There are 2 protein chains.
Amino acid sequence: MMKWLDEAGERFLAHISLDCVVFGWHANQLKILLLKVKNLDVLALPGGFVMQQETLEEAAIRTLQERTGVENVFLRQFRVFSDPLRSNPEDRARDLEMMGIGRKRAAWFAQRFISVGFYSLVDFSKVDPRPDMFSETCSWYNLEDRGKMILDHDHILQTALAALRMQLNHQPIGYNLLPRKFTLPELQKLYETILGKKLDRRNFQRKVFSYGILRSLDEKRTGVAHKAPYLYSFDLRQYQKALKLGLQGGW
Amino acid sequence: MMKWLDEAGERFLAHISLDCVVFGWHANQLKILLLKVKNLDVLALPGGFVMQQETLEEAAIRTLQERTGVENVFLRQFRVFSDPLRSNPEDRARDLEMMGIGRKRAAWFAQRFISVGFYSLVDFSKVDPRPDMFSETCSWYNLEDRGKMILDHDHILQTALAALRMQLNHQPIGYNLLPRKFTLPELQKLYETILGKKLDRRNFQRKVFSYGILRSLDEKRTGVAHKAPYLYSFDLRQYQKALKLGLQGGW
DNA sequence: CCAAAAGTGTTGTTTTTACACCCATGA
DNA sequence: TCATGGGTGTAAAAACAACACTTTTGG
């Protein structure tokens, strides 16, 4: 029995890390915040570790505050990635060396990590991207034309996107991705982008209005080409009430 | 830098455990598989640990195979529980002592655990419940009249149920909870139970048929009171195809 | 033969879809 | 002034909700 315990003491320990897929919305496009790894031509998701007295959520919030300057960012767990071989071991060894991580430290990094995936939704305009100690740059990328990604981060990103799609009707994505004031066409474009399909303008408006989650602002977006669209903001109470059941009807 | 690493080496290690909320369907009721803890009047979710070369999923499947005899059970991650104080520390200490766990071992158990929650859907009739080393019994309980639960297991269970509800239209719950052959009223009752509301018989049938996920069997359930209902089984291909988009329309 | 559950269609209502014209603005 | 995107309503089609009678079976 004691034997079991001793084994267990070692056997069940793992390094816990977290990786965040940070979504932002800018120029009518969905953006992701990525780090360019030092000395390597690959990108990485912002990530971090969990300290003794933190929950995962607290650790993720802390990490993202370091990376974006945003306090108390919106985030959700979506999946744990626990494959002991999270990527090709040779690739990984080479990558770590290229990053300028010495053999000793590399050995540490080569241990088993279990990583908890979060997706995060932020107001693009509030983010001030800052690289971490392993990276040269931290900046926004388009989903389509991002570059090669380290480890299994590409897989994590895809999974996050799928989770986001699935939870579209249960999470306040508009509220978190858009600035406080926004136009209906902007909101529509956001939904179209996440869903990957076009929606009818009038039907979209009717439906959104029917939820009663928008507050109309008697104000128009100025300085923009063409007819000035009205501005709206979310009625957070109503939004959250509607999300509890899920926005009914789907898209 | 090396200092950081050394700290890190300790700081980021945690014990990984997993807890499974096992749902079964019997006598038109949703059941959960629970363990009665030795010497204590509390119930616990089946759980286990992750070994070095396993993924979490493999560990969960192994655990449930030990607890139910079922190989390759259906399961899904739904949440990580990482609160360092997963329940009242005094309660926990007392509980561990009562379980007959010596002080040394208790200290081990009192370390920080991060637990990954899975929900699992099994064919009740295929399960042969077996207690683990910490428990007197392993058996099925009704959702409503289960007893007090250990640690934060009650919270985990509630969260699992919420996740199950949310994913109702994206997971093959019927396929996994019902035996291979089943009747429409049984399927309906299953949906009614998970959703917590009554559905109209004729509308339910029309809708399920419209998905094209059922294979009609030209066979009736015999030996049952009243008019014999027809038997059906799932057309797994069609079911999975339909689930990809989510069963449209909701309930 | 009776009580209880299962099978089966129709109708009114609501929701969804498809579609076109005028307006305001910056270039 | 023109090209472009934004605002707005209606009608046909589809989906949904509500509803009752007959059949079968075991007790």
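These numbers come from a predicted model, not from an experiment. Values below: every heavy atom of this structure, side chains too, minus hydrogens, waters and symmetry copies.
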Between [atom2] on [N] and [atom1] on [X], what's the gap in Å once rounded to a whole number?
X      : N     : atom1 : atom2 : value
A:F204 : D:dT8 : CZ    : P     : 15 Å
A:Q205 : D:dG5 : CD    : P     : 16 Å
A:Y230 : D:dT8 : OH    : C1'   : 10 Å
A:N28  : D:dG6 : CG    : C1'   : 13 Å
A:L199 : D:dG5 : CG    : C1'   : 17 Å
B:E192 : C:dA5 : CD    : C1'   : 13 Å
A:E186 : D:dG7 : CD    : P     : 10 Å
B:Q188 : C:dA5 : CD    : C1'   : 12 Å

*Does a salt bridge link B:R146 with B:D154, judged by any charged N lying under 4.0 Å from a carboxylate O?*
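Here B:R146 pairs with B:D154 in a salt bridge, since their nearest N and O are under 4.0 Å apart.
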*Does B:R62 pair with B:E58 as a salt bridge, N-O distance under 4.0 Å?*
no
*Would you say B:K38's side chain and B:M133's backbone share a donor-acceptor pair under 3.5 angstrom?*
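Looks like yes, one N/O pair under 3.5 Å.
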Under 30°, 30 to 60°, or over 60°: which ring-plane class applies to [X] and [Y], parallel, tilted or perpendicular?
X      : Y      : answer
A:H155 : A:F81  : perpendicular
B:Y175 : B:Y239 : perpendicular
A:W251 : A:Y211 : perpendicular

Distances for protein N/O vs nucleotides 25-27 of chain D N/O pairs under 3.5 angstrom?
residue, atom, partner, partner atom, Å
D:dT25, O4', B:H226, O, 3.2

*Is the CZ atom of B:R221 crowded by more than 12 outside heavy atoms at less than 6.0 Å?*
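Yes.
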*Treat primed atoms plus P, OP1 and OP2 as sugar-phosphate and everything else as base, then score nucleotides 12-20 of chain D 5' to 3': B for base contact with protein heavy atoms under 4.0 Å, S for sugar-phosphate contact only, - for none.*
----SBBBB
*Compute whether any side-chain donor of one residue and acceptor of the other, for B:R76 and B:Q171, lie under 3.5 angstrom apart.*
yes
*Can you check side chain to side chain donor-acceptor pair (under 3.5 Å) on A:Q77 and A:E57, steps first, answer last?*
CA-CA 8 Å; A:Q77 287 181 28; A:E57 279 72 16; 2.8 Å; yes
